[in-house]
Amino acid sequence: MGLFKNEGHVVFKPAKDVDLTPASSELYLRANVKAPRMAGFLVKVFAWFLESRIFGTLLLFILKRDNLIHKLVTNAGLEEPPVYVPLHPLDDKEEQDVKQVGSDLSPPELVQQAIECLPVSLEKTLNGSNSSFRHWTISDYSRVYTSGEITPRMVAEHLIAAIRESCTPPLQMSFFINYKAEDILKQATESTRRYEQGVPISALDGVPIAIKDEIDCLPYPTTGGTKWLHNLRPCTDDACCVKCLRLCGAVLVGKTNMHELGAGTSGINPHYGATRNPYSRNKISGGSSSGSAAVVASGLCPVALGVDGGGSVRMPAALCGVVGLKPTFGRVPHSGVLPLNWTVGMVGILAGTVEDAFIVYAAISCQLPPRQLSVSPKVNFPLLNSTKPISSIKLAKYGEWFNDCSDDIRECCSNALERLQKQYGWKTVEVTIPEIEMMRLAHYVTIGSECSTALSSFLEKLDFKELGWDARVALAVYGAFSSKEYIKAQKIRNRQMQFHMNLFTQADVIVSPTIGVTAYTILDDALNTGELDYINGAALVRYSIAGNFLGLPAVTVPVGYDKSGLPIGLQLIGKPWSEATLIHIAFAMQDLYVSEYRKPEVYYDLLNKNSVF
């Protein structure tokens, strides 16, 4: 890692000289989190101290020192120049079994191109008699709408009844921050009319899709999980990704719950309720795209949009047993998304299946005017209908990092990797990924600094009593990062980009668990104040950081359950712009496990005509 000159200072050797082989002398440093769990009165006291002019500066200094930010970031000796934006050069390398489409096609045209890449699969029956559980897919919705068996209006009525049931006792799942029955019915009625006339816009026509409340979607305010932000930043238009879905005829069903300001990993929101995990109602759903993961897992929507700034799509997807796809930085237009983290955040997709994640990825990768010149005019779509899976895939695995998780996750993900190798003949390449803990801290400095800066003009006008207590703590810490620390973090970004680009010369993807622990229990003392649980938080984000900090595409796929029946996901991190390869591998992985998927404890069967809500 580097040469320790003294207790508070580390000088790092140049990135080009660091050994990435499995025989490397680089040590794996486990997360050094020194902070007890706090909620209720304790988190209030902690927030008061942090906001105090007398005690706050000293306390923040101690926190940064004890959690190694001073040693590994602030005072680190680094020769690399900073890289402020993880925007990768366009790569013309060929991917296996893909077709190239123009991103200048319209969203419905892109959806049709994606549909043509899908295999003809067995249809789930409407009476739900299949022996194994699987989610209803976009293709299922499109099929029954086209046949007239069920209409979008009927689904909308079922959906509204299900949402109402889910948000009231005894369930109180807190999936949504905002939904409007009249708007849902209006969209669904228009879609029903199009099907009756034989002119649906696309396969997404009439399909219910939920939107994280960090993304602009009319007629709703964008709260960011707060009680105040929408009053200072009104929503006046749809975000670009939402426009794409609307142009496809999707029924946009409301704004899903999220951790306040995206500043946490649990999904416990003191204003709108703790989003509960459909697999176990007393467990967290993860953050910050908590509601989006939970609505997909519970069957309310086949797909939802989230935003991934630090695993915020992949983490809740894994905890809730669904697919989570985060594209390459710059692939999906970001306009209309709350600017909480400019260089690490990315619109992502949560879906019941890899195929549905792919379809929606296709729709939102459309470059509506004004175009982003940095993005390739061509996009590769994976030919999932190919008779054979792609061949000669190499999966990079860093053993010490891979195994730094609970026993159940380690066993489950190791078995998944072995099944991949055995079934498809793919190879695992043992590697070393240096300075992972250093990268986590640098990402924390980056996302915190960007969030604090983005909100600075709003916070000047804000009564802090409107903030949740855990968010107040987060903002106090974020505001304590200096310009020196931010620049050092960007130098670390440069090092890590060099490491990972080097690794990608040896392998196609990096494989790891998605989370270090499965969903933990929601305690009553956190419901009104939120909670600070940095130890569990560090375990939840352990495998997510490279995707955000380095702008790499990544996907999580469900691969089993722990001894309590809680979901576990396997993550694949790809080369820049290699979404097609990632989707291919994720689809192959899903194929190995689809017969083993289990129905959640809270599940709404919207296409079952016998369902009554």
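Side-chain atoms of T74 come within 3.5 Å of backbone N or O of I69 as a donor-acceptor pair. With N548 contributing its side chain and G311 its backbone, the two residues share a donor-acceptor pair below 3.5 Å. At distances below 3.5 Å, at least one donor-acceptor pair connects side-chain atoms of R314 with backbone N or O atoms of S544. In terms of modelled atom types and a separation under 3.5 Å, the side chain of N341 and the main chain of V344 share no donor-acceptor contact. Proximity of a side-chain donor or acceptor of K491 to a complementary backbone N or O of L78 within less than 3.5 Å is detected. Between the side chain of N403 and the backbone N or O of G399, at least one donor-acceptor pair lies under 3.5 Å. Formation of a donor-acceptor pair under 3.5 Å by the T453 side chain with backbone atoms of S449 is found in this model. The closest donor-acceptor contact from the side chain of H88 to the backbone of T328 lies at 3.5 Å or more, if one exists at all. Distance alone, capped at 3.5 Å, places no donor-acceptor pair between the S578 side chain and the T581 backbone. Between the side chain of E450 and the backbone N or O of T343 there is at least one donor-acceptor pair closer than 3.5 Å.
Using a 4.0 Å cut-off between a side-chain N of Lys or Arg and a carboxylate O of Asp or Glu, E80 and R495 qualify as a salt bridge. Comment: R30 does not engage E437 in a salt bridge, judged by the lack of any side-chain N to carboxylate O separation of less than 4.0 angstrom. Comment: K212 does not engage D308 in a salt bridge, judged by the lack of any side-chain N to carboxylate O separation of less than 4.0 angstrom. One finds no salt bridge joining K44 and D470 here, because no Lys/Arg side-chain nitrogen approaches an Asp/Glu carboxylate oxygen to under 4.0 Å. The pair E485-K488 does not count as a salt bridge, with every side-chain nitrogen at least 4.0 angstrom from each carboxylate oxygen.
Within the 4.5 Å cutoff, side-chain heavy atoms of N502 are placed close to those of Q506. Side-chain contact between L572 and I510 is absent, with no heavy atoms from C-beta onward closer than 4.5 Å. By the 4.5 Å heavy-atom criterion applied to side chains, L475 and R472 are not counted as neighbours. At least one side-chain heavy atom of L552 sits under 4.5 Å from a side-chain heavy atom of H500. A heavy-atom distance below 4.5 Å is found between the side chains of L305 and I364. A heavy-atom distance below 4.5 Å is not found between the side chains of E466 and T226. Side chains of I215 and V242 form a contact here, defined as non-hydrogen atoms less than 4.5 Å apart. Inter-residue side-chain proximity for E435 and I492 is flagged as unmet; no heavy-atom pair is nearer than 4.5 Å.
Between atom OG of residue S288 and atom CE of residue M315 there is a gap of 8.0 Å, rounded to the nearest 0.5 Å. To the nearest 0.5 angstrom, L261 atom CG is 11.0 Å from S452 atom OG. Note that CD1 of I62 and OG1 of T57 are 11.0 Å apart. Values are rounded to the nearest 0.5 Å. With rounding to the nearest 0.5 Å, the separation of CZ in F464 from CH2 in W228 is 8.5 Å.
Checked against the 6.0 Å centroid criterion, the rings of W469 and F46 do not qualify as a close aromatic pair. Between F481 and Y444, the distance separating the two ring centers is shorter than 6.0 angstrom.
The cationic group of K255 does not satisfy the cation-pi geometry with Y220, failing either the under 6.0 Å distance to the six-membered ring centre or the 45° limit from the ring axis.
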Inset, instruction - Please lay out, stage by stage, how T521 and K283 fare under the test side chain to side chain donor-acceptor pair (under 3.5 Å). - result: CA-CA 4 Å; T521 302; K283 304 293 184 183; 2.9 Å; yes

Inset, instruction - List the steps and the verdict of side chain to side chain donor-acceptor pair (under 3.5 Å) for R331 and Y361. - result: CA-CA 10 Å; R331 173 68 85 189; Y361 162 71; 3.2 Å; yes

Inset, instruction - Might you work through the side chain to side chain donor-acceptor pair (under 3.5 Å) test for Q490 and R493, ending with a clear yes or no? - result: CA-CA 5 Å; Q490 310 322 300; R493 193 194 314 243; 2.6 Å; yes

Legend entry - Worked verdict on R233 versus D216 for salt bridge (Lys or Arg N to Asp or Glu O under 4.0 Å): CA-CA 11 Å; R233 180 197 172 275; D216 287 342; 2.9 Å; yes

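Just one of I268, T275, L319 meets the side-chain contact (heavy atoms from CB on, under 4.5 Å) condition when paired with S285; it is T275. In summary, of the residues considered (M258, E260, K227), a side-chain contact (heavy atoms from CB on, under 4.5 Å) with Y272 occurs for K227 alone. Results of the side-chain hydrogen bond (donor to acceptor under 3.5 Å, both in side chains) test with D213 over T223, N257, T256 single out T223 as the only residue that passes.
S512 and Q571 are linked by a side-chain donor-acceptor pair at a separation below 3.5 angstrom, with hydrogens and angles left out of the test. In summary, the side chains of T21 and D19 do present a donor paired with an acceptor at a separation below 3.5 Å, with no hydrogens or angles considered. Side-chain atoms of D562 and T518 form a donor-acceptor pair, as typed in the model, at a separation below 3.5 Å.
Heavy atoms from other residues, nucleotides or ligands lying under 6.0 Å from CG of N528 number 12 at most.
Ring geometry for F41 versus W48: interplanar angle over 60°, hence perpendicular rather than tilted (30 to 60°). Note: W401 and Y543 have tilted aromatic rings, judged against thresholds of 30 and 60 degrees for the angle between ring planes.
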